[in-house]
Amino acid sequence: MGDREKRATAQLVPPAYDAAAFLAAIIESSDDAIVSKSLSGIVMTWNKGAERIFGYAADEAIGKPITLVIPENRLDEEPAILSRIQAGERVDHFETVRRRKDGKLIDISLTISPIRDGSGEIIGASKIARDISERKRAAEHRELLLREMHHRVKNLFAIISSIITLGARTAATPGDLAARTNERVMALARAHEITLPSLTEQPVEVRPATLSQLMSNILAPYDNRQWALHGEDVEVGLEKISTLALLFHELATNAAKYGARSVNEGTLEIATAISPDTIELVWVEANGPPTTEPNQAPSGFGRILEQRIARSLKIDIQRSWTPGGLSIRLLLPRLAIM
């Protein structure tokens with residue numbers, strides 16, 4: 001070693017360097033739990049990291065069996081671990097569950113190595129435990145989110161397939177089929193936008209949707225001055241978002257083409273009332289074009305779709321015509337939107 005290397009080494013190592021004390025300081029300051037135990041499973045040393053992770057102070061753990069932190073349904077792990085240690089094996093990154101002093105179960109990753117004396121005989125084991133509870137929860141949440149998204153995508157494809165199949169039976173031209181299908185798909189997209197997770201640094205969450213948010217998104221493409229939403233609000237289950245979006249889209253489309261929202265002066269008022277078992281939604285159009293006979297109301301695929309949705313969700317839809325326009329009363333069982 002040259003003079004330069006010797007000077008650099010001297011700067012790194014204090015003159016009174018004590019390797020054992022230095023190592024002990026590292027162990028004591030570690031965020032991980034570093035524990036040693038005898039071959040009979042008795043705790044010999046217990047660092048600050050172990051106190052933080054398991055909740056036991058050193059004087060509460062030292063001299064006690066390591067089973068102090070092992071849940072009853074995991075007790076069979078300890079003999080197997082000790083057997084491997086006595087055979088001179090190292091247990092690397094073994095993921096398991098341990099119990100804190102307060103009874104809370106935590107996920108940990110363990111690395112266990114044999115401890116040998118000066119003659120090389122195995123006299124105990126050292127354990128390094130890292131709390132991976134947050135990582136496990138994050139992984140489980142991502143898996144749950146992926147399953148939810150997979151399920152929703154499959155449902156949307158099934159709904160779109162049904163829209164195309166039913167629409168093809170009533171469409172006058174291919175262009176008509178394409179236009180109406182596109183409108184309904186866009187309505188579905190607007191409905192699902194309110195539940196999609198935001199792309200931030202925060203944990204990814206599927207946002208809950210409410211009835212008023214759903215109605216607002218469906219009616220958003222129209223002039224805000226032509227409609228208003230009043231009354232109580234209620235959360236809509238993710239499973240029902242697509243179906244309700246199609247129903248409200250049909251009502252909004254008919255109002256825009258044939259009803260109050262087809263003229264500049266027309267208005268639309270929507271009011272909701274919530275009871276323990278039922279949700280009442282009243283759709284009132286006013287100042288629309290002159291109404292002739294009720295049986296001249298729009299028909300075709302839109303009405304077929306509406307009827308199918310009403311049957312599937314057990315929704316009672318009642319229509320009445322007044323000189324000012326169409327009035328619709330929808331009675332939805334509370335479970336229909338949960």
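One is the number of the first residue; the rest follow in order along the sequence.
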Open item on the list: Regarding Arg135 and Glu95, does a basic nitrogen lie under 4.0 Å from an acidic carboxylate oxygen?
Closed with: yes

TODO: Starting at CG of Asn73, measure out to CG of Leu105 and round the result to the nearest 0.5 Å.
DONE: 7.5 Å

Open item on the list: Does atom CZ (Arg130) have a neighbourhood of more than 12 heavy atoms from anything else shown, all under 6.0 Å?
Closed with: no

- [ ] Measure the spacing between CH2 of Trp283 and CD1 of Ile270 and express it to the nearest 0.5 Å.
- [x] 4.5 Å

TODO: Report, as yes or no, whether the 6.0 Å neighbourhood of atom CD on Gln318 holds more than 12 heavy atoms from other residues, nucleotides or ligands.
DONE: yes

Open item on the list: I need the minimum non-hydrogen distance between Leu214 and Leu244, along with the two atoms involved.
Closed with: CD2-CB, 3.7 Å

TODO: Run the salt-bridge test on Asp92 and Arg90 with the 4.0 Å N-O cut-off and return the result as yes or no.
DONE: yes

Open item on the list: Let's go through Arg100 and Asp102 carefully: what are the C-alpha distance in whole Å and the side-chain angles of both, what is the deciding distance for salt bridge (Lys or Arg N to Asp or Glu O under 4.0 Å) to 0.1 Å, and is it a yes or a no?
Closed with: CA-CA 5 Å; Arg100 287 175 45 86; Asp102 59 11; 3.4 Å; yes

- [ ] Can you sort out the partners of Glu60 under salt bridge (charged side-chain N to carboxylate O under 4.0 Å, His left out), two or more places apart, ordered by chain and number?
- [x] Lys101

TODO: I would like to know whether Glu78 and Arg84 meet salt bridge (Lys or Arg N to Asp or Glu O under 4.0 Å); could you show each step before the answer?
DONE: CA-CA 10 Å; Glu78 183 61 11; Arg84 293 181 63 181; over 6 Å; no

- [ ] Could you tell me whether Glu280 and Arg334 have a side-chain N and a carboxylate O separated by less than 4.0 Å?
- [x] no

TODO: Tell me whether Ile274 is reachable from Leu247 by hopping between hydrophobic residues (I, L, V, M, F, W, Y) whose side-chain heavy atoms are closer than 4.5 Å.
DONE: yes

TODO: Salt-bridge test for Glu306 and Arg319: reply yes if a basic N is under 4.0 Å from a carboxylate O, no otherwise.
DONE: yes

- [ ] Report the relative orientation of the aromatic rings in Trp46 and Phe54; use parallel for angles under 30°, tilted for 30 to 60°, perpendicular for over 60°.
- [x] tilted

- [ ] Indicate yes or no: does Glu77 engage Arg98 in a salt bridge with an N to O separation below 4.0 Å.
- [x] yes

TODO: Would you mind reporting whether Asn217 and Phe248 have side-chain heavy atoms less than 4.5 Å apart?
DONE: no

Open item on the list: Under 4.5 Å between side-chain heavy atoms, counting indirect links through other Ile/Leu/Val/Met/Phe/Trp/Tyr residues: same cluster for Val234 and Leu332 or not?
Closed with: yes

Open item on the list: How long is the straight-line distance from OG of Ser36 back to CD1 of Ile112, given to the nearest 0.5 Å?
Closed with: 12.5 Å

